[in-house]
Amino acid sequence: MIDQQVPLRGGAAFLPVRPRTGRCLVLAAVFICAACGLVYELELVALASYLIGDSVTQASVVLSVMVFAMGVGSLLAKRLRSRAAVGFGLIEAALALVGGSSALVLYASFAWIGESRYALVGFSLTIGILIGAEIPLLMTLIQRVDRQDAGGAVADLFAADYVGALVGGLAFPFLLLPGLGQLTGALCTGAVNAAAGGVLVLCVFRRDLTPRSRRLLILSNVAVIVVLAVATTLVGDFERAARRAVYGDGVRVAVQTEVQEVVLTGSGRSSLDLYLDGRLRVSARDEYRYHEALVHPAMNGPQARVLILGGGDGLAAREVLRHPDVRAVTVVELDRGVTRLARTDQALSELNRHAFRDPRVTSVTADAFNWLRAAHGRYDVVISDLPDPGISTSTKLYSAEFYGLVAESLAPGGRLVVHGGPPLSRPRTFWTVEASMRAAGLYTRPYRMSGRLSDSAAGPDRATHRARPVHGWGFVLAAAGKRPELGLAAQAPALRSMTEPALLDAGREAERGRLPGLPPSTLVHPRYWEDR
């Protein structure tokens, strides 16, 4: 049987493959390019959430800019339709280089410049334009291969495009991130993208290329793949240099767990800093002030069974164990990597006074929300030592539904304490947390700890990872039956029975000077309704 070759538009040479084979190859290229395009998109969202914070805002910026840019790219592609093959090949080479290197450049701009927002918008715009230019050119190519009606060609192209996007969307969190990491995963995706585009054009449409165009495409694709391959071999050195730029020269531990990146800096207990996804979570210089203010007011009452939500570093557990009436402490932490370091790292385990070795402490690896839904008994005290409420990924842990689950787990007379963020610099966030607790039927007593403290719990609203001073931490103490009494526990026996006005006076005294017999770090200052 004689093959029927379909002539290219404009009198170009016949294709070297059967129409059906050529059509399948074009659709396969659409599938691969769509998967790579979605990986670039998700990579930008994930890295922006890590570097800047507030994943909802970053996802909105990336998606909206890319969708707009795709429309621009589609319009610009009109000028390339007469040379669709070479245009598509060059666009895929450019997309592979820009998309594959985007994670490296974003991280570099953050590490050495301290700002990645402009780079994020620039990459979103560029990648969106290149992705938008793909479909018009592919539409032209598939009609040259197999002259089906326009509606059928569009249906085939979009079906392959959507299925490819599905595969890319699933491959990113379940294959690329855990297997290769953000930087290497983006670079490898770029190499696959360049190879797919180059193979399609050079094999199927090579007779549509002039010798000069063929050489240009070969050199462009080889150069892109070589650049991405070299960058892949240097990722380890790059990450170490970037971490030194961000965290300083004292990085001791840097691991990517199943949940987040965990970095420990400092040579010993007194200089230890713990970063989770780039945010300073614990600073040994003043962490005790935060954890004492978080834990001890809630321990004013029955305290036999204590539940700590989060707190995988063991520091909240350390404060709880100072109370002799405590019989059992359950720590529910999502990231087993953090609790592992809290047990095994010498400096961190010394800082938490080997809390996880205490037989009263039980560690559970689970999502706090889902764990509470399973109903694991009732507790006298629930301590919420969770990521900052300003981080969008932790929003459900500050919702009325979540506090409703906590209320159900409280024993009669039980108390809940929550870190609500700095009330002076982010009052809207703090009072939203308090309002959510009231919406769950809890009676609240907001309080704060004043002073200039390092940003170990202040959240992601800053351009760099480095600590900056904030004016105090804000907390909300709550109970189901009535507003709980705000007390200072075992470290200040003489103040246990003080009334609220007397406690406020003691706080003011501590601001003027040191209160005899009481470390200032254990004082908490009530916040009244009229303070809002």
Side-chain angles (χ1 to χ4, degrees), residues 26-27 29-48 52 56-106 109 115-144 150-151 153-162 164-166 168-169 172 186 189-190 192-194 196-198 200-201 213 216-217 220-221 224:
V26 172
L27 293 178
V30 173
F31 172 86
I32 295 173
C33 294
C36 294
L38 194 64
V39 169
Y40 301 145
E41 185 176 323
L42 296 175
E43 190 72 48
L44 289 177
V45 171
L47 197 57
I52 305 172
V56 171
T57 299
Q58 308 317 319
S60 299
V61 169
V62 171
L63 295 178
S64 58
V65 171
M66 287 191 73
V67 170
F68 165 77
M70 288 168 65
V72 175
S74 296
L75 292 175
L76 295 177
K78 288 182 177 180
R79 300 183 178 183
L80 297 175
R81 292 184 64 193
S82 61
R83 304 182 65 190
V86 67
F88 177 75
L90 291 176
I91 283 174
E92 291 308 302
L95 180 59
L97 181 61
V98 174
S101 63
S102 59
L104 272 175
V105 177
L106 275 176
S109 67
E115 176 59 66
S116 56
R117 291 178 175 87
Y118 299 112
L120 173 67
V121 174
F123 275 111
S124 301
L125 188 63
T126 304
I127 293 173
I129 289 174
L130 294 172
I131 291 176
E134 289 177 335
I135 293 298
L137 298 180
L138 286 166
M139 182 71 179
T140 301
L141 293 177
I142 198 170
Q143 286 186 309
R144 291 187 183 184
V154 169
D156 290 342
L157 280 176
F158 279 104
D161 186 76
Y162 293 149
L166 170 66
F172 177 73
T189 301
V192 172
N193 196 169
L200 175 68
V201 175
S213 298
L216 177 61
L217 281 178
S220 299
N221 281 277
V224 168

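Because the structure is predicted, anything quoted here is derived from the model rather than measured.
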Validation: residues 91-99 side-chain donor-acceptor distances under 3.5 Å, sequence neighbours left out:
from  : atom 1 : to     : atom 2 : distance (Å)
Glu92 : OE1    : Asn193 : ND2    : 2.7

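Here Leu38 pairs with Glu41, Leu42, Ala165 under the side chain to side chain contact (heavy atoms under 4.5 Å, CB included) rule; sequence neighbours left out. Partners of Leu76 under the side chain to side chain contact (heavy atoms under 4.5 Å, CB included) rule, at least two apart in sequence or in another chain, are Val72, Ile129. For Val45, the side chain to side chain contact (heavy atoms under 4.5 Å, CB included) criterion is met by Ser49, Ala59, Val62, not counting sequence neighbours. In this view, Phe68 satisfies the ring pair (Phe, Tyr, Trp, His ring centres under 6.0 Å) rule with no residue, not counting sequence neighbours. In this view, Ser213 and Arg83, Thr210 satisfy the side-chain hydrogen bond (donor to acceptor under 3.5 Å, both in side chains) rule, not counting sequence neighbours. Listed by chain and number, the residues in a side chain to side chain contact (heavy atoms under 4.5 Å, CB included) with Val39 are Phe172, Leu176, Thr189 (sequence neighbours excluded).
Summarising the geometry of Gly87 relative to Leu137, their closest heavy-atom pair is C-CD1, 3.9 Å, with the distance given to 0.1 Å. Across all non-hydrogen atoms, the minimal contact from Leu217 to Gly89 is CD2-C, 3.5 Å. Looking at every heavy atom in both residues, Leu106 comes nearest to Ser116 through CD2-O, 3.7 Å. Considering every non-hydrogen atom in both Gly132 and Pro136, the closest pair reads O-CD, 3.3 Å.
Looking only at side-chain heavy atoms (C-beta outward), Asp156 and Val30 stay at 4.5 Å or farther from each other. At a threshold of 4.5 Å between non-hydrogen side-chain atoms, the residues Ile135 and Ser74 do not count as touching. A heavy-atom distance below 4.5 Å is not found between the side chains of Val61 and Ser124.
Rounding to the nearest 0.5 Å places CD of Gln58 at 10.5 Å from CG of Leu47. Here CG of Leu216 is found 5.0 Å from CG of Leu90. Values are rounded to the nearest 0.5 Å. Taking OH from Tyr162 and CG from Leu166, the interatomic distance works out to 13.0 Å, rounded to the nearest 0.5 Å. For the atom pair Leu27 CG and Ile32 CD1, the distance stands at 11.5 Å (nearest 0.5 Å).
Each of Leu130, Leu120, Val65 was evaluated against Leu125; a single residue qualifies, Val65, per the side-chain contact (heavy atoms from CB on, under 4.5 Å) test.
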query = Please walk me through it: do Val86 and Val201 pass side chain to side chain contact (heavy atoms under 4.5 Å, CB included)?
reply = CA-CA 7 Å; Val86 67; Val201 175; 5.9 Å; no
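Side-chain atoms of Thr126 never come within 3.5 Å of backbone atoms of Phe123 as a donor-acceptor pair (strictly under, hydrogens ignored). Asp161 contributes no side-chain N or O that, together with a main-chain N or O of Leu157, makes up a donor-acceptor pair within less than 3.5 Å.
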